[in-house]
Amino acid sequence: MYKVKVYVTLRESVLDPQGKAVMSSLHKMGQSEVEDVRIGKYLELTLQKGDYDLDERIVNMCSKLLSNPVIEDYRYEVEEVVAQ
Amino acid sequence: MKFAVIVFPGSNCDTDMYHAVKDELGADVEYVWHDATDLNQFDGILLPGGFSYGDYLRSGAIAQFSNVMTEVVKAAREGKPVLGVCNGFQILLETGLLPGAMRRNESLKFICQPEELVVENATTIFTSQYEKGEAISVPVAHGEGNYYCDDETLEELKANNQIVFTYANNPNGSVENIAGITNKEGNVLGMMPHPERAVDELLGSKDGLKLFQSIVKSWREHYVAAT
């Protein structure tokens, strides 16, 4: 089995109002060293091993559903795990 | 002319849309469930607002893979009028029938209030009953209506006259005050404001009714006059 960890974030060029609100809250906590906060999503997929191109499948899922390429970027990590 | 109101799990403006078409416009209309696989009998497709599939992942993201959306894409390619309001607009963006994407409102607040819109293009099949530059009052109700597209797409939208409605007082941070756009061909309109909630003076405005009347008028001119 594979465990795929997908990170989806707003593109650099896209304003993140949630991140801004969190940053100003951190500043109010006294954490004045915080320069920027970007909020994203984290997804964990468990995939069966098989006769397929793993990267191609993951890219397909990420670009067509898990992220919206107009406003979001993604990256992923693959970990091999033993089926339980 | 017969309309379909597409109903997804989580749609909640479907009844308003149905009422607007049936009772205020006086046209034929039917609810169509999201797993339908045939829209051939319909002349116009309406995607109502709400929170399809709980807005999971992103607004409209899950709906794009429902059975009925394959048929909506087909209807759009055939040139049938397709109107997406609010969540319906978000679904059209996610499906790729319209360019761009929606972000959270700049204020992070869910905004529910009447908005003044400016009719930027009165030559579409959705707006022929309005005057260019006309100010109309139509309510908005959304948390993610902050329209975004890159500069290149924006230039294209302008060059092709695809920006149909803008906000007089931008409530959500949308690029260029955009409230509604069409596809290049002009038969698919997506808008965040709710014209179906502005079809009777009792509701505070009937400025939205002309949008539906425009669709019927263009359909009649195209199909009835031809036969």
Side-chain angles (χ1 to χ4, degrees), chain A residues 2-29 31 34-48 52-53 55-78, chain B residues 52-66 69-70 73 87 89-111 142-157 162 170-176 178 181 183 190:
Chain A
Y2 295 112
K3 181 170 273 183
V4 183
K5 299 175 173 179
V6 181
Y7 304 86
V8 179
T9 49
L10 276 178
R11 290 200 154 181
E12 287 292 323
S13 55
V14 177
L15 216 75
D16 180 0
Q18 272 194 96
K20 257 182 150 178
V22 170
M23 182 172 73
S24 89
S25 201
L26 288 170
H27 287 167
K28 280 180 194 147
M29 275 172 65
Q31 304 286 147
V34 179
E35 260 187 18
D36 195 22
V37 177
R38 308 285 290 176
I39 294 184
K41 291 185 194 113
Y42 170 67
L43 301 95
E44 260 183 23
L45 315 177
T46 308
L47 307 187
Q48 273 176 14
Y52 60 82
D53 183 332
D55 284 306
E56 187 195 292
R57 291 296 181 102
I58 297 171
V59 167
N60 191 44
M61 291 190 272
C62 286
S63 59
K64 287 195 182 146
L65 180 60
L66 304 183
S67 79
N68 181 338
V70 180
I71 47 170
E72 293 172 326
D73 288 322
Y74 65 85
R75 64 186 175 83
Y76 62 88
E77 295 159 6
V78 180
Chain B
S52 58
Y53 304 91
D55 265 0
Y56 294 162
L57 200 60
R58 291 180 309 278
S59 310
I62 310 279
Q64 65 176 311
F65 291 107
S66 59
M69 283 314 295
T70 312
V73 171
N87 190 228
F89 186 9
Q90 293 161 341
I91 294 170
L92 292 174
L93 293 170
E94 285 285 342
T95 311
L97 283 172
L98 293 173
M102 283 299 167
R103 300 168 296 185
R104 290 281 296 270
N105 292 343
E106 214 166 50
S107 63
L108 294 176
K109 286 183 186 148
F110 189 97
I111 305 168
H142 59 247
E144 274 181 49
N146 182 350
Y147 178 79
Y148 173 84
C149 65
D150 59 27
D151 293 341
E152 196 183 323
T153 309
L154 183 61
E155 286 314 308
E156 241 175 75
L157 289 177
Q162 288 171 252
N170 193 339
N172 51 30
S174 290
V175 164
E176 289 279 313
I178 286 174
I181 56 168
N183 60 346

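Lettering follows sequence order; numbering is per chain, from 1.
Across B:L157 and B:P99, no two heavy atoms sit closer than the pair CD2-CG, 3.9 Å. Summarising the geometry of A:A21 relative to B:L108, their closest heavy-atom pair is CB-CD1, 3.5 Å, with the distance given to 0.1 Å.
With a 4.5 angstrom heavy-atom cutoff, A:L10 does not touch chain B via any of its atoms. Heavy atoms of B:L57 lying under 4.5 Å from chain A belong to its backbone as well as its side chain.
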Could you go step by step and tell me if A:V78 and A:L47 meet the side-chain contact (heavy atoms from CB on, under 4.5 Å) rule? CA-CA 10 Å; A:V78 180; A:L47 307 187; over 6 Å; no

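With values rounded to the nearest 0.5 angstrom, A:C62 atom SG is found 7.0 Å from A:L45 atom CG.
Applying the salt bridge (Lys or Arg N to Asp or Glu O under 4.0 Å) rule to A:E77 yields the partners A:R75; only residues at least two apart in sequence or on another chain are considered. The side chain to side chain donor-acceptor pair (under 3.5 Å) search around A:D55 returns A:Y76, not counting sequence neighbours. The side chain to side chain contact (heavy atoms under 4.5 Å, CB included) check on A:V34 picks up A:M23, A:L26, A:H27, A:Q31, A:V37, with sequence neighbours excluded.
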Can you pull out the donor-acceptor contacts between chain A and chain B, under 3.5 Å, including backbone atoms?
{"unit_1": "A:K41", "atom_1": "NZ", "unit_2": "B:L57", "atom_2": "O", "d": "2.8"}
{"unit_1": "A:L65", "atom_1": "O", "unit_2": "B:R58", "atom_2": "NH1", "d": "3.0"}
{"unit_1": "A:L65", "atom_1": "O", "unit_2": "B:R58", "atom_2": "NH2", "d": "2.9"}
{"unit_1": "A:L66", "atom_1": "O", "unit_2": "B:R58", "atom_2": "NH1", "d": "3.2"}
{"unit_1": "A:N68", "atom_1": "ND2", "unit_2": "B:E94", "atom_2": "OE2", "d": "3.2"}

